[in-house]
Amino acid sequence: MTARKPARTSRPRTATTLTHSTLWACGPTPIEVADSWPPRVLARSLLEYSAPDDRALLMPRTPAAERLVGDLGRILAPAPGQTQLADTDLIIAATLPGAPGLRPWMVADVAASRLRAGGLLVVLTRSHHDHDGVFHDLTGDLVTAAQNTDLLYLQHLVAAPVHDDEIVPTPAHPGPAESPAGSGDPGDPGETGPAEVAATEPVHIDVLVFLQPHDLTATA
């Protein structure tokens with residue numbers, strides 16, 4: 001006589017939300033930028049690409065960003081120009097609209113001279129339209145400048161606000177536009193006048209990651 005096996009109970013399946021590895025979910029609300037830095041994206045960069053007691057260099061340096069480096073247990077590296085030692089574990093640069101004028105070649109030159117072998121450069125950038133409507137995107141220039149200094153291009157991530165499994169859109173802002181304001185009679189072309197249209201900004205921030213493959217402290 002064989003013992004009867006207990007009946008197998010089935011468990012209800014629960015749906016899970018999968019987030020692609022190149023998408024950083026940075027909270028359920030639009031990403032704010034304060035004093036040149038998006039705090040949530042900066043914190044995520046520090047946690048992802050460094051460990052406690054690692055040396056981190058910020059471009060630009062601001063009091064709030066420096067406090068965050070210390071709060072997360074990282075060591076603030078000296079500013080560019082104060083030292084040329086290649087002993088920095090992580091450099092994070094923000095080239096966002098309205099931030100101080102960090103040019104791609106400036107960021108690349110500092111990273112190439114200050115990163116230790118295996119150190120990382122993380123650049124936060126965002127495409128935008130200027131007041132004249134001209135579109136600006138520094139991504140290509142940043143990649144070219146970094147590769148020209150022999151840094152290796154590792155990854156391009158997107159940081160965006162996510163609620164449940166949906167990306168949260170940026171609220172629309174009213175902006176001026178030209179629209180006809182004629183009498184409506186046939187043949188009346190009308191005169192141009194101001195009208196309100198919805199202007200949107202990019203919801204995401206691009207995160208570019210580069211690696212220093214060389215040991216600049218090695219002697220021949």
Side-chain angles (χ1 to χ4, degrees), residues 24 26 31-128 130 136-157 159 205-220:
W24 279 1
C26 294
I31 297 174
E32 76 284 0
V33 177
D35 196 15
S36 302
W37 289 98
R40 280 178 279 168
V41 183
L42 174 58
R44 179 73 180 265
S45 301
L46 287 164
L47 293 171
E48 290 281 349
Y49 294 113
S50 66
D53 295 329
D54 275 357
R55 296 168 62 86
L57 171 63
L58 299 178
M59 299 176 68
R61 296 167 64 103
T62 65
E66 290 179 351
R67 283 194 299 271
L68 183 57
V69 171
D71 291 343
L72 294 178
R74 278 62 174 170
I75 299 172
L76 193 65
Q82 296 182 5
T83 179
Q84 294 300 320
L85 295 178
D87 61 353
T88 305
D89 301 288
L90 175 65
I91 295 176
I92 306 179
T95 61
L96 302 172
L102 285 178
R103 300 290 183 264
W105 64 267
M106 296 168 57
V107 174
D109 282 351
V110 170
S113 63
R114 293 289 301 275
L115 286 173
R116 64 166 176 79
L120 296 173
L121 166 66
V122 176
V123 185
L124 313 182
T125 188
R126 173 181 267 171
S127 58
H128 69 286
D130 62 21
H136 297 271
D137 185 356
L138 293 179
T139 302
D141 291 340
L142 287 163
V143 172
T144 299
Q147 291 179 331
N148 284 343
T149 58
D150 221 15
L151 299 177
L152 301 182
Y153 184 26
L154 290 186
Q155 199 169 20
H156 182 174
L157 304 121
I205 288 178
D206 294 290
V207 183
L208 310 178
V209 186
F210 304 90
L211 171 76
Q212 169 61 279
H214 304 294
D215 183 2
L216 302 183
T217 64
T219 57

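Values below: all heavy atoms of this structure, side chains included; hydrogens, waters and symmetry mates excluded.
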query: If you round to the nearest 0.5 Å, how far is CD of Gln147 from CZ of Phe210?
result: 7.0 Å
field: Which residues share a side chain to side chain donor-acceptor pair (under 3.5 Å) with Asp35, sequence neighbours left out
entry: none
task: Could you tell me whether the side chain of Pro38 reaches within less than 4.5 Å of the side chain of Glu32, counting heavy atoms only?
output: no
task: Using the test side-chain contact (heavy atoms from CB on, under 4.5 Å), find all partners of His156 that sit at least two apart in sequence or belong to another chain.
output: Thr139, Tyr153, Asp206, Leu208
message: Please find the pair of heavy atoms, one from Ala86 and one from Ser113, that lie closest to each other, and give the distance.
response: CB-O, 3.6 Å
field: Nearest heavy atoms of Leu121 and Ala111, plus distance in Å
entry: CD2-CB, 3.8 Å
Minimum-distance pair of heavy atoms, taken over all atoms of Ala145 and Ala108: O-CB, 3.5 Å
field: Closest non-hydrogen atom pair, Arg55 against Pro78
entry: NH2-CD, 3.4 Å
query: Which residues satisfy the side-chain contact (heavy atoms from CB on, under 4.5 Å) test with Asp109, sequence neighbours excluded?
result: Trp105, Thr149
- request: Apply the test side-chain hydrogen bond (donor to acceptor under 3.5 Å, both in side chains) to residues Thr125 and Thr95: give CA-CA distance (whole Å), side-chain angles for both, the deciding distance (0.1 Å), then the verdict.
  value: CA-CA 5 Å; Thr125 188; Thr95 61; 3.2 Å; yes
For residues 41-51, tabulate all N or O donor-acceptor pairs below 3.5 Å that involve a side-chain atom, not counting sequence neighbours.
from, atom 1, to, atom 2, distance (Å)
Arg44, NE, Glu48, OE2, 2.8
Arg44, NH2, Glu48, OE2, 3.3
Ser45, OG, Val41, O, 2.8
Ser50, OG, Leu46, O, 2.5
Ser50, OG, Arg74, NE, 2.8

field: Asp215: side chain to side chain donor-acceptor pair (under 3.5 Å) partners, not counting sequence neighbours
entry: Thr217
task: For residues Ala56 and Val69, report the shortest heavy-atom separation together with the two atoms involved.
output: CB-CG1, 4.4 Å
- prompt: Which residues satisfy the salt bridge (Lys or Arg N to Asp or Glu O under 4.0 Å) test with Asp89, sequence neighbours excluded?
  reply: Arg116
field: Within residues 140-155 or reaching into it, pairs that qualify as salt bridge (Lys or Arg N to Asp or Glu O under 4.0 Å) - sequence neighbours excluded
entry: none
query: So Val123 and Val107, side chain to side chain contact (heavy atoms under 4.5 Å, CB included) or not? Walk me through it.
result: CA-CA 9 Å; Val123 185; Val107 174; 4.1 Å; yes
message: To the nearest 0.5 Å, what is the distance between CG on Leu211 and CG on Leu151?
response: 8.0 Å
query: Which residues pass the side-chain contact (heavy atoms from CB on, under 4.5 Å) test with Val110, sequence neighbours left out?
result: Leu57, Met59, Pro80, Ile91, Arg114
From Arg103 atom CZ to Leu142 atom CG, the distance as rounded to the nearest 0.5 Å: 11.5 Å
Nearest heavy atoms of Pro60 and Ala94, plus distance in Å: CD-O, 4.0 Å
field: Step-by-step side chain to side chain contact (heavy atoms under 4.5 Å, CB included) determination, Leu154 to Leu120
entry: CA-CA 9 Å; Leu154 290 186; Leu120 296 173; 3.8 Å; yes
Listed partners of Glu66 passing side chain to side chain donor-acceptor pair (under 3.5 Å), at least two apart: Arg61
